[in-house]
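These notes concern the structure reproduced below.
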Amino acid sequence: MATQKGIALILGAGSNTGRALSDTFSQAGYKVALVSRSAKESSSDKQISIAADLTKLETIPSIFDTVRQKLGADPNIVVYNAAALTFPSDKTNPFSIDVTAFELNLRLMNTAAYVAARESVAGFDKLPKALSKAFIYTGNWLNAVISPNVNYVTLASGKSAAAPWIGTASVHYKEKGYGFYFADERTPEGRPVGNDISGPAHAEFYLQLAEHKVDAPWHATFVAGKGLVDFPETRQTYIDL
């Protein structure tokens with residue numbers, strides 16, 4: 001094994017949450033692999049940066065191959081932090097979004113995340129049982145509420161599409177100890193944080209999820225400075241049909 005804690009792979013490593021995740025997991029003893037379209041590729045024995053367009057689904061298995069080659073093992077913590085938002089050309093018409101852009105946004109936030117989760121599980125199965133294993137998806141409350149704001153159509157569609165399979169995986173892989181989480185930052189009142197996303201709050205909470213230091217449901221709502229906070233009225237739950 002590459003390190004005692006293992007390897008954290010961050011897909012969609014931007015300047016806010018991505019940077020905070022990199023710093024926090026590195027300081028906690030993990031090797032870190034950062035992936036973004038604009039990354040300047042680099043490699044050391046503790047951290048690598050990979051430039052990749054996650055909408056090109058065929059590149060995702062190769063990202064995991066690179067992590068294995070450069071850092072010596074499969075990642076045991078995978079964070080999917082990529083998102084996209086395309087505004088409608090007519091603010092009064094939710095169907096005025098370019099269809100190609102709509103499909104590309106959905107591919108990034110749902111299909112690519114699904115492929116990454118599949119690759120993650122294949123890696124988890126090969127890793128020592130003693131290592132913690134988790135797939136954490138950066139979500140928001142749009143999977144649990146309907147917004148009349150047409151600007152959020154693609155973002156809500158992408159995030160909502162990913163939530164069901166994440167919830168299903170959380171139950172299916174529970175006995176193996178693989179955590180699957182749809183992480184959702186809120187204000188203290190339970191409202192969405194909007195553009196006031198706290199990278200450090202994400203990093204702190206994700207580390208707790210990764211190391212099973214908090215007993216969180218798959219739809220894990222959290223507040224900066226408080227950590228896990230349950231908001232039942234806007235929380236999706238699991239029902240055995």
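Numbers for residues simply follow the sequence, beginning at 1.
Scored by the ring-ring contact (aromatic ring centres under 6.0 Å, His included) test, Phe182 finds Tyr137, His219 as partners (sequence neighbours excluded). Applying the ring-ring contact (aromatic ring centres under 6.0 Å, His included) test to Tyr173 and every residue at least two apart in sequence or in another chain returns Tyr178, Phe180. Applying the ring-ring contact (aromatic ring centres under 6.0 Å, His included) rule to Tyr206 yields the partners His202; only residues at least two apart in sequence or on another chain are considered. Here Glu204 pairs with Gln208 under the side-chain contact (heavy atoms from CB on, under 4.5 Å) rule; sequence neighbours left out. Taking Asn151 as the reference, Phe87, Pro88, Lys91, Asn149 meet the side-chain contact (heavy atoms from CB on, under 4.5 Å) condition, with sequence neighbours excluded.
Formation of a donor-acceptor pair under 3.5 Å by the Lys129 side chain with backbone atoms of Lys176 is not found in this model. A donor-acceptor contact shorter than 3.5 Å links the side chain of Asn76 to the backbone of Lys5. Remark: the backbone N or O of Thr86 is paired with a side-chain donor or acceptor of Thr154 at under 3.5 angstrom. Without hydrogens or angle criteria, Thr221 side chain to Val229 main chain gives a donor-acceptor distance under 3.5 Å. The backbone N or O of Gly18 sits nowhere less than 3.5 Å from a side-chain atom of Ser22 that would complete a donor-acceptor pair.
Residue pairs meeting the ring-ring contact (aromatic ring centres under 6.0 Å, His included) criterion with at least one member in residues 95-114, sequence neighbours excluded, are Tyr114-Trp165.
Salt bridge Lys213/Glu211: present, at least one basic N to carboxylate O contact under 4.0 Å.
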